[in-house]
Amino acid sequence: MKAHEHPHPPAPAQAHPKGHASAHGHGHDHDHDHDGDHGHDHGHAHGKSRWSRWKHQVTHMVKPHSHEAADKVDSAMESSAEGMRALWLSLAILGATAVFQTVVVLISGSVALLGDTIHNFADAMTALPLGVAFVLGRRVANRTFTYGYGRAEDLAGIFIVLTIAASAALAAYEAIDRLMNPRDISHLGIVSIAAVVGFIGNEWVARYRIRVGRKIGSAALVADGLHARTDGFTSLAVLLGAGGAALGWQLADPIVGLLITAAILLVLKDAAREVFRRLMDSVDPALVDKGEAAVREVAGVREVKELRMRWIGHKLRAEATVEVDGALSVRESHAVSVDVEHALIHAVPRLTAALVHTDPALGPDMDDPHLALAHHMT
């Protein structure tokens, strides 16, 4: 069996409960390309039929793959770098938008546009904690943080959700204050232009962040994109308010502001749900179904007894328990567990490693070896 080479020092070995027949988990520090971008044959085909071995080899001839550090770029690092590019580019766009709006505020004295400008600066600043999270996520696991630093993204997501909530509160305050203390808006034409620029800039940033966030599996970046969308709504409120003022309706600006506050609260709900699910280790059930289906196809697997997955930053890890023939040797059982991990990494996008435990099938007069653990499960 060809040994795996790791580009980083492996994470500390984890202790396994007694009674495990065998468990396997490489703990790769790099992602695999899940379009099948690998390049060597593992050679763990114990118990496989000739047909399954031939199919495995042909598959890798068509879609070669490699675990060698020199043969592929670490896609976990690549996804973090892509996230950083999204943050820097969106920061530049929002910064330019806010600077332009600041100039217009100084010319027009528009309080509404001032509030929108503040929102845009605040949205640009949310890129900083998320950028820190991406940088931290690149650090390798150690004996203190045995799963690495990917959870920093979830902390950044909480900060972003709180920022969206603060934006909603500020928008509501400004709208209510404007209802109670109506103000005239001057230079409506240039204010309208600045509002349109603010909306276009924020919506472009929102779409870009959300697209990249979903591509790399970052819930925090998706939430940050939704935050940019709330500021786009605020810019739209300035535009509609200016239009109403041009028609002589002084209360148009605060009324539209209240409507936009409601829209921001809807965005807040979506962002909070996204971050909450990630904090609670929620995964799409379709991924679990896909993983179970792939494991059932592995030669030597009699039953998939359990499959768990969790996000750590924008990477997935899995734990699986499968039943194998009780007559298999330790080496043969381990080979099955390696094939199970291999199948999972191919089948599930963003999955970087799986810890696989094999249970021997029990005969009619055999006791379950896990009974010794039963009192710990209550």
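By convention here, the first residue in the shown sequence is residue 1.
- Between the side chain of T146 and the backbone N or O of R143 there is no donor-acceptor pair closer than 3.5 Å.
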Checklist line | Working for side-chain contact (heavy atoms from CB on, under 4.5 Å), residues T358 and L328 | finding: CA-CA 11 Å; T358 55; L328 293 181; over 6 Å; no
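- Between R296 and E292 the shortest side-chain heavy-atom distance falls below 4.5 Å.
- Put simply, V103 and V191 are part of the same group of oily side chains (I, L, V, M, F, W, Y) that touch within less than 4.5 Å, one to the next.
- Rounding to the nearest 0.5 angstrom, the gap separating the CZ atom in F276 from the CD1 atom in I158 is 11.0 Å.
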Margin query: Under the criterion side-chain contact (heavy atoms from CB on, under 4.5 Å), I'd like the reasoning laid out for L128 against F159: C-alpha separation, chi angles, the key distance, then a yes or no.
Written below: CA-CA 11 Å; L128 297 180; F159 176 83; over 6 Å; no
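- Crowding of R207 atom CZ: a count of heavy atoms from other residues, nucleotides or ligands under 6.0 Å not exceeding 12.
- Side-chain atoms of Q101 come within 3.5 Å of backbone atoms of A194 as a donor-acceptor pair (strictly under, hydrogens ignored).
- Summarising the geometry, atom CE belonging to M309 is positioned 11.0 Å from atom CD belonging to E319; distances are rounded to the nearest 0.5 Å.
- The CG atom of L344 sits 11.0 Å away from atom CG of L355, with the distance rounded to the nearest 0.5 Å.
- The two atoms that bring R302 and A361 nearest to each other are NH1-CB, 3.5 Å, heavy atoms only.
- Residue Y208 places its OH atom among more than 12 non-hydrogen atoms of other residues, nucleotides or ligands, all under 6.0 Å distant.
- Residues R138 and M84 come closest through the heavy atom pair NH2-CG, 3.8 Å.
- Rounding to the nearest 0.5 angstrom, the gap separating the CG atom in L221 from the CD atom in E274 is 10.5 Å.
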Next item on the list: For T97 and V205, run side-chain contact (heavy atoms from CB on, under 4.5 Å): C-alpha distance rounded to whole Å, both residues' side-chain angles, the deciding distance at 0.1 Å, then the answer.
Entry: CA-CA 11 Å; T97 300; V205 167; over 6 Å; no
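- F134 and F145 are members of different hydrophobic clusters when ILVMFWY side chains are connected at heavy-atom separations under 4.5 Å.
- A continuous path of Ile, Leu, Val, Met, Phe, Trp and Tyr side chains, each step under 4.5 Å between heavy atoms, connects V275 with L162, placing both in one hydrophobic cluster.
- A distance of 13.5 Å separates CD in E323 from CD in E306, rounded to the nearest 0.5 Å.
- The residue from V298, V304, I345 that alone fulfils the side-chain contact (heavy atoms from CB on, under 4.5 Å) condition with V340 is V298.
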Next item on the list: Evaluate side-chain contact (heavy atoms from CB on, under 4.5 Å) for W311 paired with R350, printing each intermediate quantity in order.
Entry: CA-CA 9 Å; W311 286 98; R350 314 307 309 166; 3.9 Å; yes
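- L287 approaches P349 most closely through the heavy-atom pair CD2-CD, 4.0 Å.
- Taking 4.5 Å as the limit, every side-chain heavy atom of L266 sits out of range of all side-chain heavy atoms of D270.
- Formation of a donor-acceptor pair under 3.5 Å by the N202 side chain with backbone atoms of G198 is found in this model.
- Heavy-atom contacts from other residues, nucleotides or ligands closer than 6.0 Å to CZ of R308 number 12 or fewer.
- Both W88 and I160 are members of a single hydrophobic cluster when ILVMFWY side chains are connected at heavy-atom separations under 4.5 Å.
- Shortest non-hydrogen contact noted between S333 and V324 is OG-CG2, 4.1 Å.
- Hydrophobic clustering (ILVMFWY, side-chain heavy atoms < 4.5 Å, transitive): L268 and L279 are in one cluster.
- Nearest heavy atom pair, residue A206 against residue G225, reads CB-O, 3.2 Å.
- Of the charged side-chain nitrogens involved, at least one lies within less than 4.0 Å of a carboxylate oxygen, so that R209 and D224 count as a salt-bridged pair.
- Between the CD1 atom of I210 and the OG atom of S218 there is a distance of 12.0 Å, given to the nearest 0.5 Å.
- The shortest non-hydrogen separation linking I312 to R151 is CG2-N, 4.4 Å.
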